[in-house]
Amino acid sequence: MAGRGFRKLLTTTAAAALFSAPAMAADIEVIHWWTSGGEQAAVSVFADEFDALGGDSWIDGAIATGDAARSATLQRILGGDPPGAAQFNTGRQYEELIEGGLLLDLTELAESEGWRDFIRPSTILDACERDGRIYCVPVNIHSWQWGWASIPVFEQSGVDLPKNIDEFLAAAPQIQEAGFIPFAMGGQSWQHSGAFAVLMLNTLGRDKYEQLYRDKSVDVASSAEVRKVFESFRALKQFSDEGSANRTWNDTTNLVITDQAALQIMGDWARGEFAAAGEEAGVDYACIAGPSESPYLTTGGDVFLFPKQDDPDVEQAQLKLASMMVNPRVQALFNNAKGSLPVRDDVDLSLADSCMQAGLELLANPDTVVGDPNLWLTADTDGQIRDLFAEFWANEGLSVDDAQAQFASIIEAAE
Amino acid sequence: MTSSRKRFANLNAVIGASPMIAVAVGLYIFGIAYSIALSFTNSRLLPKFDSFAGLANYERLWSTPSWLVSVHNIWLFGLLVIGLNMALGFLMATFMDRRVRQEDTFRTIILYPYAMSLIVTGLVWQWMMDPGLGIQESLRNWGFEGAAFAPLASPDTAIFGVVIAGVWQGSGVTMAILLAGLRGVDEDIWKAARVDGIPIWRTYVFIALPMLRGALATAFVLQAVGVVRIYDLIIAITGGGPGIATEMPAKFVIDHITSRINVSLGMAGATMMLIPILVLVAINWYVDWRRKRAALQAIG
């Protein structure tokens with residue numbers, strides 16, 4: 001009896017599900033690597049807003065770490081089982097997918113909505129364009145050039161907030177004596193190479209930085225200024241703690257949040273962690289642009305691309321998702337949660353805190369905006385540079401001269 | 001008559017085995033040939049056979065620090081892990097063989113790590129060896145102020161931290177194989193050894209051990225295969241760090257064919273990994289061939 005009743009129930013439910021579903025509904029599986037607290041808050045904005053549009057649904061495919069998520073996407077596209085949408089960093093990571101004709105062409109949508117007119121700076125849309133066609137949608141602008149400082153730690157050590165890295169290095173011994181970790185650094189190689197590139201930009205300035213990464217100038221790579229960057233990076237090492245190996249970036253940020261460490265150099269996504277922990281900018285923590293008196297901002301970030309599918313329903317849903325991602329309201333909500341800057345300047349930023357305001361100011365001035373190395377380097381070259389800086393950080397047996405020589409040869413061989 | 005029936009039986013066997021042969025040739029032989037061919041191209045993400053790159057990938061491979069470190073690491077890791085696993089496995093097997101009380105319990109405990117995924121093993125050991133929350137911190141909190149055990153924090157010692165996890169994981173299964181071998185040794189031999197007054201340890205080392213050749217070879221091959229493809233343990237425990245101190249060839253290859261989008265360089269690495277395996281197989285064939293020839297000569 002009970003069995004028959006149950007089966008009847010099942011059949012009815014199945015039938016109801018079949019007939020009540022709208023004809024156009026599609027599931028869009030979205031692969032991304034936003035897994036920390038602040039990042040989850042941000043990606044939920046996308047998911048909720050997309051589901052609220054009705055019909056189609058967002059299937060969350062979070063994969064920890066960018067490397068793993070991008071690999072999974074590439075392998076699934078090559079294996080013939082592409083996800084509905086996938087996150088990449090603005091740059092060259094997906095150029096062969098475009099060349100291979102594996103991505104959905106978004107040009108019509110982009111032209112009808114006028115992406116060219118409102119997405120700024122134009123470099124981030126250029127990274128999606130190939131032969132006049134658009135293949136991905138930039139969702140945010142991330143900049144690396146931030147020092148995240150714990151105000152209580154600096155106060156208790158009796159040291160003023162540093163304006164640049166040299167000042168910080170001079171004050172670091174005093175912070176160490178006061179019982180704090182002066183410099184918070186984690187163990188992932190992109191953390192090392194990111195912080196390194198920040199020092200590089202502050203030391204070289206915009207023109208030489210672009211010569212180095214865009215024009216692959218070996219002269220700049222072997223210059224005395226780059227040597228100085230290697231030296232400061234090595235100096236920072238002695239002010240980090242023993243637990244640095246293996247630590248993720250958000251655990252490292254947490255050292256600053258919990259007032260165990262004084263300073264971390266990390267991109268603006270760290271702001272999301274401070275916000276998620278209930279910290280207030282200017283009171284509990286400070287964001288030091290640069291960290292330098294004349295700060296620059298690189299405009300890296302994230303894009304979503306949409307692998308080609310056979311199903312027209314899915315394609316429809318993909319276009320809908322792409323359009324939603326640049327919607328001004330969604331842009332404001334998403335970027336507020338994420339800590340990144342919106343890709344358009346006509347969004348409501350009444351919620352933006354002082355750190356985000358500082359970022360927007362830098363972004364508004366074309367002289368302080370610099371391209372992100374990812375725009376110009378392949379994943380392969382970037383990987384070589386990451387290996388080098390990670391090893392230089394960890395292995396004090398690698399001398400400054402040898403490391404710089406290796407750096408120059410990587411730049412020379414870069415495509 | 002007999003020979004034609006024999007041929008017929010052979011044909012049946014060939015037909016029966018043909019799916020196996022097709023899979024072996026199609027997947028293994030073709031796959032290996034394809035990988036090797038790719039290593040001589042300029043393929044990045046998609047295979048491109050229109051551009052012959054010669055030995056460029058191999059030149060770059062052997063001048064890439066992370067590859068050189070990984071080759072050094074796999075030898076160090078392999079020798080230490082296989083050596084320690086065999087030694088510890090044999091020791092534990094002999095203790096078990098002395099009919100200790102609660103043998104079943106001990107056997108389960110010792111074999112248990114092998115049942116765990118390398119990712120879990122790696123993460124647990126990573127936490128235990130973390131300077132901030134692991135063994136070192138616990139010891140310091142108990143009052144041993146000078147306690148220092150954080151091998152993963154330094155590039156000089158990190159590989160030994162990985163070895164510890166590898167030994168913890170792998171020695172149990174070696175014990176199980178060798179114990180099975182020991183149980184297969186004839187009881188009469190033990191009796192004879194006891195009558196002759198040979199000490200127990202000498203019986204183990206000089207009489208039982210040589211009789212365990214088959215079990216030892218099995219254990220060795222299992223360990224060696226585990227070492228060559230070591231990847232998940234590294235990912236879980238160090239991610240190749242600090243710096244590039246614990247890179248391994250398999251990780252180098254997978255990194256390059258996936259996130260680094262340089263398939264041809266990855267395939268050059270994979271081809272290099274194939275060489276030691278081919279050498280082992282060749283030695284095996286040669287030994288077999290000599291043994292067969294000797295047997296034939298003995299008959300003839």
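Sequence lines set the chain letters: A, B, ... in the order given, protein chains first and strands last, and positions in each chain run from 1.
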### Summary
CD1 (B/Ile257) and CG (A/Leu74) are apart, to the nearest 0.5 Å, by 11.5 Å
### Task
Identify which of A/Gly383, A/Ala68, A/Ala413 forms the greatest number of heavy-atom pairs closer than 4.5 Å to chain B.
A/Gly383
### Message
If the threshold is 4.0 Å, N to carboxylate O, is there a salt bridge linking A/Arg386 and B/Asp255?
### Response
no
#### Entry: Inter-residue atom distance A/Tyr94.OH - B/Ile261.CD1, 0.5 Å rounding
11.0 Å
### Query
Top residue by heavy-atom pair count (under 4.5 Å) with chain A, among B/Pro242, B/Ser63, B/Gly132, B/Pro131?
B/Pro131
### Query
If you measure from the Lys or Arg side-chain nitrogens to the Asp or Glu carboxylate oxygens, is any gap between A/Glu415 and B/Arg44 under 4.0 Å?
yes
### Task
Without swapping roles, check the side chain of A/Glu391 against the backbone of B/Ala245 for a donor-acceptor pair under 3.5 Å.
no
#### Entry: Shortest non-hydrogen contact from A/Gln75 toward B/Thr258
NE2-CG2, 3.6 Å
### Task
Could you look at B/Leu133 and say if it's the side chain, the backbone, both or neither that has a heavy atom under 4.5 Å from chain A?
neither
### Query
For A/Ala394 and B/Pro155, which heavy atoms make the closest approach, and how far apart are they?
O-CG, 3.1 Å
### CG on B/Leu46 to CG on A/Leu102, rounded to 0.5 Å
6.0 Å
### Region of A/Gln384 in contact with chain B, defined by heavy-atom distances below 4.5 Å
both
#### Entry: Heavy-atom closest pair, residues B/Leu45 and A/Glu96
N-OE1, 2.8 Å
## Note on the structure
Whatever's closer than 4.5 Å to a heavy atom in chain A on B/Ile237 counts as backbone
#### Entry: Nearest heavy atoms of A/Ala379 and B/Ser259, plus distance in Å
CB-O, 3.5 Å
### Query
B/Glu137 versus chain A, heavy atoms under 4.5 Å apart: side chain, backbone, both or neither?
neither
### Message
So which residue, A/Ala69, A/Ser409, A/Ala390, ends up with the most heavy-atom pairs under 4.5 Å with chain B?
### Response
A/Ala390
